[in-house]
Amino acid sequence: MSFTTLGLSADILRAIGEQGYTEPTPVQSKAIPIVLQGNDVLAGAQTGTGKTAGFTLPLLQRLTEKPLNGNRRPVRALVLTPTRELAAQVGDSVQTYGRHLPLQSAVIFGGVKINPQIAKLRRGVDILVATPGRLLDHVSQKTVDLSQIEILVLDEADRMLDMGFIHDIRKIMAILPDKNQRQTLLFSATFSNEIKQLANRLLNNPELIEVARQNTTAETIAQRIHLVDKNRKRELLSHMIGAHNWRQVLVFTRTKHGANRLADQLGKDGLTAAAIHGNKSQGARTRALADFKSGKVRILVATDIAARGLDIDQLPHVVNFELPNVPEDYVHRIGRTGRAGNEGEAVSLVCVDEHKLLRDIERLLKRELPKEIIEGYEPDPSIKAEPIQNGRNNRGRSQPRNQNRSRNGNSGGRSGNARGNGQNRAA
Ligand code: AMP
């Protein structure tokens, strides 16, 4: 799937290219054509799925397709978000994706002076990103006109309800054009009864979009990082699988060659493994997958390309033998486990060379992942290894067999037990 097939204009495609995006995320490929057709959308998607571009890109296009008559510049699109941070983030996306378009946008939220916001609104704004409270302040001061809204987006609607914004939302709805007179897009990570009721009130015959849980706020996925010397990754992996008797493990490598080599090495360690990647014939791939699903093969070593279409339900363990180059692929990989409410575990083996990739992933997830230092690893001062706090994350934590022997032969060497290798913590 490519962005070029979605019906977006050249100016928008250029901005996407400049961001380095090569293909749309699932929520984008689903939402963009629907929004471009002018339909309402009810989408189940979380942060990390690319939902912001999913609504921003077609919104920008709709506004440019239907230019305004005359000089007056009423607000034409309103994006409501629950937090200031999210408003700022969405505002940045609107700017970025719309940089080649003749549209003006503004972000308004509380906690900062209102006067610059008023000045900006007065100069003319097409797209307004706002938190509900401050928007209502502007409404009551008559510094914003919402009577011409063509597109309304409620981002993270579930959080908006959780944060007690329902009354504010009702007030805002009361002054917007009727739902038949505007296009409404509602994004929510969950569909509680309250969200369904809100959707009934706000949306006009919406198309439903659901994307697989992609981000790691999925409580069902326990994530752990093992900081480990590159040369000890395979040993650690074999140990984890053996010691914890993991029956079905999907392991990701970065290269096809790496996948083959690792599958061979695991075989030599007495573990049944198959490799699956783009250089394998379709027959070999189908066979490997069937063997993995049936339990004949315990470990499937895959590259990202091969893993994309894999459909394996209730996979208990995912291991990143190497981190992916693109942080979004991390989310995609670990989303293979913890599906449909089942518990899952995602372990990443990270060596010094991969610190930047790890930081990029944490930035994307907007949180730090719990880290353990494995014996023999040379700690990098820029990475903080944190003790693992809860029992869930501790489950299945692992040390290689010779954990008490550091590389220099010193038991309990400086990189070994000083921080966070888990030995003194309750299991
Ligand atoms: P969101 O779920 O909207 O918060 O987006 C999560 C992250 O994905 C943001 O950092 C975006 O810049 C990034 N992103 C959005 N769409 C794409 C894409 N098609 N390819 C790569 N990265 C993307």
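Each ligand, and each atom within it, is numbered from 1 in the order the structure gives.
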Undergrad: In ligand 1, which numbered atoms sit nearer than 4.0 Å to a non-hydrogen atom of Glu23?
TA: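 Per the distance check, 18 (C), 19 (N), 20 (N).
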
Undergrad: Between Lys51 and ligand 1, does any nitrogen or oxygen pair lie at a separation below 3.5 Å?
TA: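 Among all N and O atoms of Lys51, at least one is under 3.5 Å from an N or O of ligand 1.
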
Undergrad: With distance as the sole criterion, is a donor-acceptor pair present between the side chains of Ser9 and Asp11 under 3.5 Å?
TA: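 No - no donor-acceptor pair under 3.5 Å links their side chains.
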
Undergrad: Got an N/O contact under 3.5 Å between Gly50 and ligand 1?
TA: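 Gly50 vs ligand 1: N/O contact under 3.5 Å present.
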
Undergrad: Where's the contact between Val326 and ligand 1, heavy-atom distance under 4.0 Å: side chain, backbone, both or neither?
TA: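 Near ligand 1, Val326 shows nothing, with every heavy atom at 4.0 Å or more.
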
Undergrad: For Ala302 and Leu250, which heavy atoms make the closest approach, and how far apart are they?
TA: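 For Ala302 versus Leu250, the nearest heavy atoms are CB-CD1, 4.1 Å.
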
Undergrad: For the backbone of Leu36 and the side chain of Arg62, can you confirm whether one donor and one acceptor N or O come within less than 3.5 Å of each other?
TA: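 Yes.
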
Undergrad: Taking N or O atoms only and a 3.5 Å limit, does Thr52 qualify as a polar contact for ligand 1?
TA: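 So ligand 1 has an N or O lying under 3.5 Å from an N or O of Thr52.
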
Undergrad: Assess Gln19 for proximity to ligand 1: is some non-hydrogen atom of it under 4.0 Å away?
TA: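 Gln19 does not count as a contact of ligand 1 under the 4.0 Å cut-off.
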
Undergrad: Any N or O on Gln28 sitting closer than 3.5 Å to an N or O of ligand 1?
TA: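 By distance alone, the answer is yes.
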
Undergrad: Looking only at distances, can you tell me whether any N or O atom of Gln89, backbone or side chain, sits closer than 3.5 Å to an N or O atom of ligand 1?
TA: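 By distance alone, the answer is no.
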
Undergrad: Is it the case that the side chains of Arg298 and Gln248 hold a donor-acceptor pair, with the cut-off being a distance below 3.5 Å and no angle test?
TA: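 No - no donor-acceptor pair under 3.5 Å links their side chains.
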
Undergrad: If we count only N and O atoms by modelled type, under 3.5 Å, do the side chains of Glu345 and His244 hold a donor and an acceptor together?
TA: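 Short answer, no.
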
Undergrad: Mind checking side-chain hydrogen bond (donor to acceptor under 3.5 Å, both in side chains) for Asp264 and listing every partner two or more places apart, or none if nothing turns up?
TA: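 So Asp264 forms no side-chain hydrogen bond (donor to acceptor under 3.5 Å, both in side chains) with any residue.
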
Undergrad: Phe3 heavy atoms, cut-off 4.0 Å: which ligand 1 atoms fall inside?
TA: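 Those qualifying, in numeric order: 19 (N).
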
Undergrad: Do Phe252 and Phe321 make the cut of ring centroids closer than 6.0 angstrom?
TA: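 Not under 6.0 Å, so no.
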
Undergrad: Taking only heavy atoms of Leu364, which atoms of ligand 1 are found under 4.0 Å from at least one of them?
TA: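 So the answer, numbered in order with elements, is 6 (C), 7 (C).
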
